[in-house]
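Here is the structure we will look at.
None of these values were measured; they are calculated from a predicted model.
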Amino acid sequence: MEAILYICHGSRVKEASAQAIDFIKVCMQAQPYSIQEYCFLELETPTIEEAYERCVQKGATSILAIPVLLLTAVHAKHDIPVILNKMKERYPAVGLKYGRPIGVSEKMVDILVERLEETNVSVTEDSLVLLVGRGSSDPDVKRDLSRLAVLLRNRFPKLRVQECYLTAATPSFGEALEFAVESRSNQVFIIPYLLFTGLLMQSIENSIKKIQKKGKQRIILCRYLGYHPKIEQAISERIHEVSGEGAYVSNYA
């Protein structure tokens with residue numbers, strides 16, 4: 001019997017964890033699997049180990065582990081697989097397949113466009129968009145966020161889009177925000193490329209408050225991605241992908 005294990009990042013902010021759980025419960029409803037569990041990599045419970053064991057105790061003979069992460073980075077490549085590998089050694093008779101993160105797609109760009117449009121502020125040629133990612137030392141994160149920025153520019157050919165990062169990568173959000181204030185843009189849209197709220201979202205809000213009085217531009221903070229049917233579709237695609245014979249399987253799984 002196959003089980004699905006949804007692996008979220010985790011947050012110190014309870015609202016963020018609650019949003020993640022609510023989202024996963026919606027995803028579960030769309031799947032035919034009788035055994036489905038959610039868990040967190042860090043900062044929240046249940047842990048990956050705890051949820052994995054629940055799957056086994058419920059009779060799972062094979063587990064499809066799905067990282068509910070936006071981009072491929074150290075968490076997806078190393079941190080999660082290391083834990084899964086340990087669980088695989090503990091339960092060698094239980095099969096394990098490890099899926100891919102959500103990744104880059106036109107679906108995700110559709111959501112970015114929606115986040116811009118729902119501000120009810122017209123995007124003009126003089127507008128600047130800051131696409132703000134979590135950040136990582138992993139170069140794949142910069143590659144993927146840059147690809148998303150290019151895809152967004154394709155939707156608005158004359159729009160300037162600058163990707164930036166909250167941690168561990170450059171340009172930093174602070175640097176990009178200073179550049180935006182010094183630029184000739186009459187308005188600056190800030191799109192947090194984050195699944196849910198949390199400390200990083202609070203950091204964005206605080207930085208905007210500090211710098212807002214420096215420039216003459218109108219700064220418009222868009223919503224973070226949050227629950228969206230297209231993200232649910234992406235998760236469903238990852239489940240279908242990893243459950244098939246040609247499934248992507250981590251070296252650790």
Counting only N and O atoms by type, is there a donor-acceptor contact under 3.5 Å from the side chain of [X] to the main-chain atoms of [Y]?
{"X": "Lys142", "Y": "Thr170", "answer": "yes"}
{"X": "Arg153", "Y": "Val161", "answer": "yes"}
{"X": "Glu175", "Y": "Ser172", "answer": "yes"}
{"X": "Glu50", "Y": "Thr47", "answer": "yes"}
{"X": "Lys230", "Y": "Glu106", "answer": "no"}
{"X": "Thr61", "Y": "Gly95", "answer": "no"}
{"X": "Arg115", "Y": "Tyr224", "answer": "yes"}
{"X": "Ser11", "Y": "Val13", "answer": "yes"}

Subject >> Side-chain H-bond candidate by donor/acceptor type, Tyr6 with Glu37, under 3.5 Å >> reply: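 Note: Tyr6 and Glu37 side chains miss the donor-acceptor criterion.
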Original post:
Regarding Glu44 and His9, is there a side-chain donor-to-acceptor distance under 3.5 Å anywhere?
Top reply: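 No, no side-chain donor-acceptor pair sits under 3.5 Å.
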[X] versus [Y]: any side-chain heavy-atom pair under 4.5 Å?
{"X": "Lys97", "Y": "Ser243", "answer": "no"}
{"X": "Arg100", "Y": "Thr72", "answer": "no"}
{"X": "Leu116", "Y": "Val121", "answer": "no"}

Taking a hydrophobic cluster as the set of Ile, Leu, Val, Met, Phe, Trp and Tyr residues connected by side-chain heavy atoms closer than 4.5 Å, whether directly or through intermediates, do [X] and [Y] fall within one such cluster?
{"X": "Ile35", "Y": "Ile239", "result": "no"}
{"X": "Val150", "Y": "Val113", "result": "no"}
{"X": "Ile21", "Y": "Tyr33", "result": "yes"}
{"X": "Leu145", "Y": "Val74", "result": "no"}
{"X": "Val26", "Y": "Ile235", "result": "yes"}

Closest approach of [X] and [Y], non-hydrogen atoms and distance?
{"X": "Leu5", "Y": "Cys55", "result": "CD1-SG, 4.5 Å"}
{"X": "His75", "Y": "Leu69", "result": "CB-CD1, 4.1 Å"}
{"X": "Tyr98", "Y": "Pro81", "result": "CE2-CG, 3.6 Å"}
{"X": "Glu89", "Y": "Pro92", "result": "O-CD, 3.4 Å"}
{"X": "Ala180", "Y": "Gln217", "result": "O-NE2, 2.9 Å"}
{"X": "Ser136", "Y": "Val141", "result": "CB-CG2, 3.6 Å"}

Subject >> Flag if over 12 foreign heavy atoms under 6.0 Å of CZ, Arg90 >> reply: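 For Arg90, atom CZ is crowded (more than 12 foreign heavy atoms under 6.0 Å).
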Original post:
CE of Met28: more than 12 outside heavy atoms within 6.0 angstrom?
Top reply: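 Result for CE/Met28: enclosed.
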**OP:** Go through the steps to decide whether Asp140 and Arg143 satisfy the test salt bridge (Lys or Arg N to Asp or Glu O under 4.0 Å), and finish with yes or no.
**Re:** CA-CA 5 Å; Asp140 285 350; Arg143 178 202 65 195; 3.4 Å; yes
Subject >> Verdict with supporting geometry, Tyr38 and Ile7, side-chain contact (heavy atoms from CB on, under 4.5 Å) >> reply: CA-CA 6 Å; Tyr38 63 80; Ile7 305 172; over 6 Å; no
Gap separating the [atom1] atom of [X] from the [atom2] atom of [Y], nearest 0.5 angstrom:
{"X": "Ser146", "Y": "Gln162", "atom1": "OG", "atom2": "CD", "answer": "8.5 Å"}
{"X": "Ile83", "Y": "His78", "atom1": "CD1", "atom2": "NE2", "answer": "10.0 Å"}
{"X": "His228", "Y": "Met108", "atom1": "NE2", "atom2": "CE", "answer": "9.0 Å"}
{"X": "Arg160", "Y": "Ser185", "atom1": "CZ", "atom2": "OG", "answer": "3.5 Å"}
{"X": "His240", "Y": "Gln233", "atom1": "NE2", "atom2": "CD", "answer": "14.0 Å"}
{"X": "Ser105", "Y": "Leu151", "atom1": "OG", "atom2": "CG", "answer": "8.5 Å"}

Original post:
Given the rule in the side-chain contact (heavy atoms from CB on, under 4.5 Å) test, do Cys222 and Thr119 qualify, once you have shown the distances and angles that lead to the verdict?
Top reply: CA-CA 7 Å; Cys222 302; Thr119 64; 3.8 Å; yes
**OP:** Take Asp126 and Arg184 through the test salt bridge (Lys or Arg N to Asp or Glu O under 4.0 Å) and record every step on the way to the result.
**Re:** CA-CA 8 Å; Asp126 294 325; Arg184 296 181 181 179; over 6 Å; no
Using atom types as modelled, flag every donor-acceptor pair under 3.5 Å from a side chain in residues 187-199 to any protein atom, sequence neighbours excluded.
unit_1: Gln187; atom_1: NE2; unit_2: Ser122; atom_2: O; d: 2.6
unit_1: Gln187; atom_1: NE2; unit_2: Ser127; atom_2: OG; d: 2.9

**OP:** Just do the side-chain contact (heavy atoms from CB on, under 4.5 Å) check on Ile102 and Arg238 with the steps written out, would you?
**Re:** CA-CA 7 Å; Ile102 293 165; Arg238 293 292 171 260; 5.7 Å; no
**OP:** Starting from the C-alpha separation in whole Å, work towards a yes-or-no answer on side-chain contact (heavy atoms from CB on, under 4.5 Å) for Tyr52 and Leu96.
**Re:** CA-CA 10 Å; Tyr52 197 106; Leu96 173 62; 4.0 Å; yes
Show me the side-chain donor-acceptor pairs of residues 200-209 shorter than 3.5 Å, one per line, residues at least two apart or across chains.
unit_1: Asn206; atom_1: ND2; unit_2: Gln202; atom_2: O; d: 3.2
unit_1: Ser207; atom_1: OG; unit_2: Ser203; atom_2: O; d: 3.0

**OP:** Go through the steps for Asp22 and Lys25 under the test salt bridge (Lys or Arg N to Asp or Glu O under 4.0 Å), then give the verdict.
**Re:** CA-CA 5 Å; Asp22 288 344; Lys25 286 181 177 178; 5.3 Å; no
